[in-house]
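These notes concern the structure reproduced below.
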Amino acid sequence: ADVQQSQAGQMLADGACMLIVAAQDSVKASTIVQLAAQRNVPVIAYDRLIHDNDLAFYVSFNNVAAGELQGAWIAEHAPQGAQIAMINGAPTDHSAQLQQVGVMNRLRTLIEHGDLKLVYELFTPNWNSQLAASSVTQVLDTHPNNIQVICVANDDMASAVIAVLD
């Protein structure tokens, strides 16, 4: 996030007339919006909402729908009584929260009825793939050979989790 702020500051100093920001940290990125606002430069947040009143636009895909697709696949393919671990995105990322809402829209009833068991859930700071991998290692140690589904929020973290499973 600090590097991103520095880069944005340099772009503004170089005369940028607009910034499009895929925020590493949507809270810290507010500083970028404020710096740009001082120069009347609009900021468009891409994929990660920046909570700042001076933000010009927010552009993203439907994160709830993406999560619902993940959840629907799990609901259709997981065996009865499957134990599930969920590795969500960053707790500071609005998109990660929406994606988790979508997954749970599809799985909540199955979990409440005992058809599936959510045994672990983590919102992973900074989408850190190493933390995702170490968390899955702990889950597998706690539930040896008894996790049937690991739902992971993005490709980088999923690759790290797959490496743990190999």
Side-chain angles (χ1 to χ4, degrees), residues 1-75 84-112 116 118-136 138-139 149-162:
D2 294 335
V3 170
Q4 195 169 42
Q5 287 177 2
S6 175
Q7 291 170 333
Q10 186 61 52
M11 290 177 178
L12 291 167
D14 291 344
C17 61
M18 173 194 322
L19 295 177
I20 300 173
V21 179
Q24 293 295 312
D25 181 318
S26 58
V27 174
K28 288 185 178 180
S30 179
T31 302
I32 295 170
V33 176
Q34 288 306 304
L35 286 171
Q38 292 170 6
R39 298 171 190 250
N40 293 319
V41 173
V43 175
I44 299 171
Y46 174 73
D47 195 32
R48 295 198 176 108
L49 180 62
I50 301 170
H51 295 281
D52 192 289
N53 290 335
D54 290 322
L55 183 67
F57 295 101
Y58 170 55
V59 178
S60 186
F61 58 92
N62 187 331
N63 294 288
V64 173
E68 287 175 343
L69 289 171
Q70 283 182 298
W73 193 94
I74 293 167
I84 300 173
M86 285 184 60
I87 308 298
N88 301 309
T92 57
D93 186 339
H94 185 66
S95 298
Q97 294 168 18
L98 293 174
Q99 185 175 7
Q100 187 267 358
V101 165
V103 172
M104 292 307 292
N105 284 349
R106 298 294 182 178
L107 299 184
R108 183 174 295 103
T109 301
L110 295 170
I111 292 167
E112 288 171 355
L116 299 174
L118 181 61
V119 297
Y120 183 80
E121 184 171 21
L122 171 72
F123 277 90
T124 313
N126 299 317
W127 298 81
N128 185 308
S129 59
Q130 292 173 341
L131 178 58
S134 65
S135 297
V136 167
Q138 289 177 321
V139 169
V149 177
I150 303 174
C151 180
V152 186
N154 79 1
D155 293 347
D156 288 338
M157 292 192 306
S159 292
V161 167
I162 290 167

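Side chain of Gln97 to backbone of Pro91: a donor-acceptor contact under 3.5 angstrom is found. With Gln100 contributing its side chain and Ala153 its backbone, the two residues share no donor-acceptor pair below 3.5 Å. Checked by atom type and distance alone, the side chain of Ser135 pairs as donor or acceptor with a backbone atom of Leu131 at under 3.5 Å.
Nearest heavy-atom pair, Ser129 versus Asp156, reported as atom, atom and distance to 0.1 Å: CB-O, 3.6 Å. Smallest separation of non-hydrogen atoms from Leu19 and Ala8: CD1-CB, 4.1 Å. Nearest heavy atoms, Tyr58 versus Ser95: OH-OG, 3.5 Å. Minimum heavy-atom separation, Gln70 to Val152: NE2-O, 3.2 Å. Here the shortest heavy-atom pairing between Val139 and Ala85 reads CG1-CB, 4.2 Å. Minimum interatomic distance between His51 and Ser30 (heavy atoms only, all atoms of both residues): O-OG, 4.0 Å.
To the nearest 0.5 angstrom, Gln99 atom CD is 8.0 Å from Met86 atom CE. Atom-to-atom distance recorded for Cys151:SG and Trp73:CH2 is 10.5 Å, nearest 0.5 angstrom. The distance from the OG atom of Ser134 to the CG atom of Asn128 is 7.5 Å, given to the nearest 0.5 Å. Of the inter-residue distances, the one linking Leu12 atom CG with Gln7 atom CD reads 12.0 Å to the nearest 0.5 angstrom. Summarising the geometry, atom OG belonging to Ser26 is positioned 11.0 Å from atom CG belonging to Asp47; distances are rounded to the nearest 0.5 Å. For the atom pair CE (Met157) and CD1 (Ile162), the distance works out to 12.0 Å, reported to the nearest 0.5 Å.
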Step by step, work out the side-chain contact (heavy atoms from CB on, under 4.5 Å) result for Leu118 and Leu107. CA-CA 9 Å; Leu118 181 61; Leu107 299 184; over 6 Å; no
Audit row: Lys28, Thr92, side-chain contact (heavy atoms from CB on, under 4.5 Å) steps and yes/no: CA-CA 10 Å; Lys28 288 185 178 180; Thr92 57; over 6 Å; no
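No side-chain heavy atom of Val21 sits less than 4.5 Å from a side-chain heavy atom of Val33. Looking only at side-chain heavy atoms (C-beta outward), Asn62 and Glu68 stay at 4.5 Å or farther from each other. With a 4.5 Å cut-off on side-chain heavy atoms, Ile87 and Tyr120 count as touching. Within the 4.5 Å cutoff, no side-chain heavy atoms of Arg48 are placed close to those of Ile50.
Within 6.0 Å of CG on Asp14 lie more than 12 heavy atoms contributed by other residues, nucleotides or ligands.
Screening Val119, Leu110, Val149 against Ile84 for a side chain to side chain contact (heavy atoms under 4.5 Å, CB included) leaves a single residue, Val149. When each of Asn154, Asp93, Asn88 is paired with Trp127, the side chain to side chain donor-acceptor pair (under 3.5 Å) condition holds for Asp93 and for no other.
Checking Gln24 against Asn126 by side-chain atom types alone, no donor-acceptor pair falls below 3.5 Å.
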